Amino acid sequence: MTGSGYDLVVVGGGLIGAAIAWGASRTGASVALLDEGDVAYRASRGNFGLIWLQGKGVGKPAYMHWSLRAGRLWKDLAEELHAATGLDTGWRQTGGLHFCFSEAELDKRRDVLARSQADGGEITMQFLDRTALRDLVPEIGPEVVGASFSPEDSHVSPLYLLRALQQALQDGGGSYRPGIAVNEIRPEVGGFAVATPTGSVHGRRIVLAAGLGSARLAPQLGLSMPVEPERGQIVVTERVRPCFPYAANCLRQTAEGSFLFGSSHEEAGFDEGTQVATAADLCATALRVLPGLQAAGVVRIWGSLRVMTPDGLPIYEESSRYPGAFAATCHSGVTLASVHAFDIGPAIAAGALPAAVASFGSGRFDVQAT
Ligand SMILES: Cc1cc2nc3c(=O)[nH]c(=O)nc-3n(C[C@H](O)[C@H](O)[C@H](O)COP(=O)(O)OP(=O)(O)OC[C@H]3O[C@@H](n4cnc5c(N)ncnc54)[C@H](O)[C@@H]3O)c2cc1C
């Protein structure tokens, strides 16, 4: 921290804010991470934990390449967080399976792969027919006709990831301050003042990474964050013997042994609630894949809100009115955690966003509207 405050203040301590804050602090910048706490909507605590690359960003090459880069940097992220904190994020590059229940679905997946290769996305991916799939997953249900498989997909415990990012920031000298709801941010000479209930926090630069809370705060910095909620529900089973190591589109087994079935995509406004009908659908799909799970008890269902932009792509932006003020959001904050830590955080600490994200400004929505 300098005499006049921090080099960087990050508002919002979810996966995006925490990754950027840690990434900036690793370069030697003094960083404060302010987070509202458990009363806020927090996708980072309610997500499915996939680092999913196959089929990502089809037709959107910049996003596809950004995601591929993120996936390939994840090993470094997991290792560096472990070295810094001693915490195992649970990251496992087991490969990911997208299950198909008909030949038509398999054809659709083949089309996705062909399109992503046409865009220059060199992801390792293969198609498994039922016989090949059974070699991988002997318990596979009779309705599954095949799957696409990428050895590059992986999964992680999102809660350990968040904890590791926060701890690494603190261990490296950064300040993590939960329980602070930011309502006012003022540009001032030499930086920004963030009003908190216990006084102002000053920073030379600022990053708005408050998820759904960013929409309200962004205009104070001359930024635009047109984000909306999209609900996802996830069903959790009791712990069962380890039998399915893979990441997959509709279920995964955690390191502790629970299965997660998910996740739904629903327009439900700001309602984080759960519904039996949705949970039943998620269970039914999971049982088509692994019928042996029908005896497993369900212990929990939760709903959580994704942070969605109008076109589903990230927003990374610096304010043209108040240089030094940045905003960041995306709907795959687990997958992109590595690039937020290794690319976005250091770049913002140095004063400008990296060229790779130049096409992700919110100005694209004005152009689209015109
Ligand atoms: C059901 C579901 C499944 C998902 N599955 C995956 C997946 O498999 N893989 C993947 O990559 N992504 C997945 N995601 C998306 C991922 O969880 C999000 O992209 C990511 O968590 C977004 O992080 P964030 O930090 O922007 O938002 P959040 O987690 O919402 O964090 C925002 C933070 O800002 C704070 N905040 C808000 N307002 C204020 C304020 N005024 N002052 C101070 N602090 C404030 C909040 O307290 C919160 O901690 C999923 C999401 C959901 C809901």
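Just so you know, these numbers come straight off a predicted model, no measurement behind them. First listed ligand is number 1; within each ligand, the first listed atom is number 1. What's counted below: heavy atoms across the whole structure, side chains too, no hydrogens, waters or symmetry copies.
- The pair Arg26-Glu80 meets the salt-bridge criterion, since a charged nitrogen lies less than 4.0 angstrom from a carboxylate oxygen.
- Here's the thing with Glu230: none of its N/O atoms is less than 3.5 angstrom from an N/O atom of ligand 1.
- Taking any N or O of Leu305, backbone or side chain, none lies under 3.5 Å from an N or O belonging to ligand 1.
- At least one N/O-N/O distance between Val334 and ligand 1 falls below 3.5 Å.
- Under a 4.0 Å N-O distance rule, the pair Asp35/Arg177 does not qualify as a salt bridge.
- Checking only distances, Gly232 never comes within under 3.5 Å of ligand 1, N or O to N or O.
- Glu238 contributes no side-chain N or O that, together with a main-chain N or O of Gly257, makes up a donor-acceptor pair within less than 3.5 Å.
- The nearest heavy-atom contact from the protein to atom 41 (N) of ligand 1 is Val182 O, 2.9 Å.
- Of the protein's non-hydrogen atoms, the one nearest atom 44 (N) of ligand 1 is Glu36 N, 2.9 Å.
- In this structure, NZ in Lys56 is found 8.5 Å from CG in Leu50, a value given to the nearest 0.5 Å.
- In summary, Arg205 and Asp7 do not engage in a salt bridge, as defined by a charged side-chain N under 4.0 Å from a carboxylate O.
- Evaluated by nearest non-hydrogen atom to atom 48 (C) of ligand 1, the leading choice among Ile234, Leu161, Leu33, Asp35 is Asp35.
- Comment: Glu152 engages Arg72 in a salt bridge, judged by a side-chain N to carboxylate O separation of less than 4.0 angstrom.
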Quiz prompt | Intermediate values then yes/no, salt bridge (Lys or Arg N to Asp or Glu O under 4.0 Å), Glu103 and Arg109 | solution = CA-CA 10 Å; Glu103 286 301 330; Arg109 293 299 294 165; over 6 Å; no
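- When hydrogens are left out, the protein atom nearest atom 5 (N) of ligand 1 is Phe48 N, 3.2 Å; that is the closest non-hydrogen contact.
- Here the heavy atom of the protein found nearest to atom 52 (C) of ligand 1 is Arg306 CG, 3.6 Å.
- With atom 32 (C) of ligand 1 as the reference point, the heavy atom nearest to it among Gly12, Pro314, Ala210, Pro158 is part of Ala210.
- At least one N or O atom of Ser44 sits closer than 3.5 Å to an N or O atom of ligand 1.
- Ligand 1 has a nitrogen or oxygen under 3.5 angstrom from a nitrogen or oxygen of Leu50.
- Checked for salt-bridge contact, Lys75 and Glu79 meet the test: a charged N lies under 4.0 Å from a carboxylate O.
- Here the shortest heavy-atom distance to atom 22 (C) of ligand 1, taken over Leu217, Val10, Ile16, Leu208, belongs to Ile16.
- Using a 4.0 Å heavy-atom cutoff, Gln233 is absent from the residues neighbouring ligand 1.
- Counting all heavy atoms, side chain and backbone alike, Trp91 lies closest to Ser154 at NE1-OG, 2.8 Å.
- Tested against His340 for a ring pair (Phe, Tyr, Trp, His ring centres under 6.0 Å), the candidates Phe326, Trp74, Trp22, Tyr316 yield a single pass: Tyr316.
- From the protein, the heavy atom lying nearest to atom 1 (C) of ligand 1 is Gly46 O, 3.5 Å.
- In this structure a side-chain-to-backbone donor-acceptor pair under 3.5 Å is missing from Asp129 to Gly146.
- Under 4.0 Å from ligand 1, not a single heavy atom of Arg231 appears.
- Taking every non-hydrogen atom of Gly14 and a distance limit under 4.0 Å, the qualifying atoms of ligand 1 come out as 25 (O), 31 (O), 33 (C), 49 (O).
- Atom 4 (C) of ligand 1 has as its closest protein heavy atom Asn47 CB, 3.2 Å.
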